Each structure stands twice: as C-alpha cells, then as structure tokens.
Amino acid sequence: MPNVQLTRDGAVATVTIHRPDKLNALNAATLDELEAAFQEIAGSDALQAVIVTGSGEKAFVAGADIGELAQQTPLSGKATARRGQELLGAIELFAKPVVAAVNGYALGGGCELALACHVRIASENAQFGLPEVSLGVIPGYGGTQRLARLVGRGRAIELVLTGQRIDAAEAHRIGLVNRVVPQSALLAETRKLVEAMLRNGPLAVRAALEVIRHGLEMPLAEGMVLEANAFGVLCASHDMREGLQAFLDKRKPAFQGR
Ligand code: COA
C-alpha cells in the first residue's frame with residue numbers, strides 16, 4: 001500500500017501513515033488503506049496490539065487532505081465525514097489495544113485519529129489542534145465528540161472554536177496524551193507500554209478494553225453489569241486458573257489465551 005505501511009514485530013503491528021510530501025494528510029486512498037491495514041490486523045491471531053504513527057519526524061498526520069476537502073459539496077462532504085467517522089469508530093472499538101505514537105503535527109483529522117486510538121504517547125515536538133474552523137468547516141471525523149469526552153467540555157470548546165494549536169506539554173497537562181517522551185525514544189517507549197499490556201492474560205486484556213470502551217457509552221449501573229458479566233466469563237478461563245496458580249507458586253504465569 002503506497003500510503004500506509006504495515007509492519008509486524010512479534011505480536012505488535014505498526015501502522016505508519018506514509019505521505020511524506022503532504023505531511024501524511026489523510027486523503028480518501030489513505031483512509032481505504034488504513035481500513036485495510038486494520039482489517040488485516042483484526043484477522044491475524046498472531047498480532048495482539050497496534051501502534052499507529054506517522055512517517056518522518058515532522059508530522060503524525062497534518063489533517064484531512066485539504067485538496068480533496070476543497071472539492072466537497074454538501075452531500076459528498078457529509079459522506080466524507082461519515083466515512084471518516086466510521087473508520088475511526090472502528091479503530092476506537094478495535095478489539096486489540098491501539099496506541100498512537102504521535103511524532104509531530106496531529107492536526108484536524110490527525111488529531112481525530114489520535115483521539116480514536118486507545119492511548120496516546122507524544123514526542124516532545126508534537127503539536128495538536130483542530131483548526132477546521134479556520135478553514136470554514138468543523139471537525140468531521142469525531143473530533144468534536146471525542147475531544148470533549150477526553151478533556152472536558154470547556155477545554156474542547158476552547159480548542160475547537162479558536163482552532164489554536166497546543167504543544168505536547170499542554171496536551172499532557174489537559175489529559176489529551178498519556179505521556180510525553182523525547183522523539184528519539186517515542187517508538188521504543190510506545191513499544192514498552194504495549195508490551196506491558198501484552199504480558200498480561202490476553203483474554204483479560206481484551207475484556208478490560210471492551211468493558212471500558214462500551215461501558216463509557218452506558219449508564220453506570222449498566223456498565224457495572226457489563227463488568228460483572230465479563231468478570232464471570234473470565235472465571236471460566238484457563239488463563240484465570242493459571243494466573244492465580246502462578247501467584248501461589250511464586251512464578252510467572254504462562255497464559256494461553258483460553
Ligand atoms: N492536506 C493536504 N496537504 C497538506 C496538508 C493537509 N492537511 N497539510 C500539509 N500539506 C502539504 C502542504 O500543502 C505542502 O505541500 P506542497 O509542498 O505540495 O505545497 C506540504 O504538505 C508541506 O506542508 P507546509 O505547509 O509547506 O509545511 P509547514 O512546515 O510550512 O507547515 C503545517 C506545517 C502543518 C503547519 C501546515 O502544513 C498546515 O497548517 N497544514 C494544514 C493543517 C490543517 O489545517 N489541517 C486540518 C485540515 S481539515
């Protein structure tokens with residue numbers, strides 16, 4: 001795929017948006033390739049987690065492709081927004097952990113892509129923003145909804161209505177990213193985080209992700225039932241017996257994902 005690279009290292013897939021001459025902006029072809037990459041990862045038992053990053057040292061993704069945006073009519077604009085929402089929604093609900101390694105500009109659709117990932121790690125040079133209002137439109141790939149849910153209504157309204165960019169330190173301060181690391185360490189630190197997840201019982205990791213993600217869309221009492229149901233199902237797993245026995249035996253568990 002010319003615009004999206006999919007590499008595998010053990011159980012970890014890395015998806016790299018690769019349009020270096022356009023600062024990795026998301027055109028329609030890139031969205032299609034991104035979808036294909038995630039479908040491939042979804043279908044692979046060997047791949048257990050995903051890192052999403054941008055090619056080069058300047059940009060994660062500098063937004064939706066402004067050249068394509070300029071051609072939109074009301075109908076095609078709505079369809080484009082729905083297409084982006086659908087794809088980023090699938091990433092948000094992806095069954096395996098997805099961590100964004102934000103290596104530079106994460107603007108517009110790039111910020112929205114990072115918001116759809118489960119966790120965000122930023123390099124010190126990263127910059128975030130939703131500048132769509134400066135182009136006469138609004139974020140259309142879920143940014144208005146996910147940003148407000150992540151950092152709160154007041155901060156989201158400020159960022160979306162001013163269109164201003166914030167640096168990695170400010171993004172960290174307001175909870176937009178989990179942590180900030182030097183650019184040279186970004187992929188290694190992201191990988192360390194993913195590996196810390198993958199050392200645990202794979203069924204439990206998947207269940208926890210699903211319960212947190214879906215629970216956030218429910219009233220608290222229903223989320224509690226979801227949690228208790230998943231807890232009960234895990235009590236029937238080999239991994240649960242292995243995890244408890246390994247603790248009692250003072251050894252590391254050998255989880256099998258069943
Ligand atoms: N869509 C299409 N092309 C884009 C793009 C986007 N969102 N962002 C950058 N590019 C292209 C530029 O047009 C330029 O292409 P060219 O060399 O063919 O002219 C190339 O990427 C490099 O960008 P440039 O603007 O020259 O780099 P810079 O370092 O001066 O500025 C940014 C970097 C990110 C500040 C600037 O590119 C920018 O503001 N981009 C748009 C961000 C945006 O509004 N995104 C939301 C879109 S809805």
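Every number for a ligand or one of its atoms is a count from 1 in the order of the listing. These numbers come from a predicted model, not from an experiment.
Given atom 9 (C) of ligand 1, the protein heavy atom at minimum distance is Leu23 CD1, 3.9 Å. Among all non-hydrogen protein atoms, the one lying nearest atom 4 (C) of ligand 1 is Lys22 O, 3.9 Å. Residue, atom and distance of the protein heavy atom nearest to atom 1 (N) of ligand 1 are Ile66 N, 2.9 Å.
Of all heavy-atom pairs between Ala25 and Arg19, the closest is O-NH1, 2.9 Å. Across all their heavy atoms, Ala100 and Phe60 have their closest contact at CB-CZ, 4.3 Å.
Of the polar atoms of Asp65, none of the N or O atoms is found under 3.5 Å from an N or O of ligand 1, judged by distance alone.
Counting protein heavy atoms under 4.0 angstrom from atom 7 (N) of ligand 1 gives one or more. Per-atom contact check: atom 19 (O) of ligand 1 does not touch the protein, criterion being a heavy-atom distance below 4.0 Å. For atom 44 (O) of ligand 1, a protein non-hydrogen atom is found at a distance below 4.0 Å. Proximity of atom 25 (O) of ligand 1 to the protein is not indicated, since no non-hydrogen protein atom lies closer than 4.0 angstrom. Per-atom contact check: atom 36 (C) of ligand 1 does not touch the protein, criterion being a heavy-atom distance below 4.0 Å. Within the 4.0 angstrom cut-off, atom 39 (O) of ligand 1 has no protein heavy-atom neighbours.
Although no hydrogens or angles enter the test, the distance criterion places no donor-acceptor pair under 3.5 Å between the side chain of His18 and the main chain of Asn24. The main-chain N or O of Pro20 is never found under 3.5 Å from a side-chain atom of Ser55 such that the two would form a donor-acceptor pair. Judged by distance alone, with hydrogens and angles left aside, the side-chain atoms of Arg120 form a donor-acceptor pair with the main-chain N or O of Ala114 at under 3.5 Å. No donor-acceptor pair under 3.5 Å is formed between the side chain of Ser44 and the backbone N or O of Glu40. Proximity of a side-chain donor or acceptor of Asn125 to a complementary backbone N or O of Glu57 within less than 3.5 Å is detected.
Residue contact check for ligand 1: Gln127 places no non-hydrogen atom closer than 4.0 Å to it. Residue contacts with ligand 1 include Asp21, since one or more of its heavy atoms lies under 4.0 Å from the ligand. Heavy atoms of Glu68 stay at 4.0 angstrom or farther from ligand 1.
The environment of CD in Glu227 is sparse: at most 12 heavy-atom neighbours from other residues, nucleotides or ligands sit within 6.0 Å. Within a 6.0 Å radius of CZ in Arg82, other residues, nucleotides and ligands contribute 12 heavy atoms or fewer.
Comparing Ala62, Gly163, Gly63 by heavy-atom distance to atom 42 (C) of ligand 1, the nearest is Ala62.
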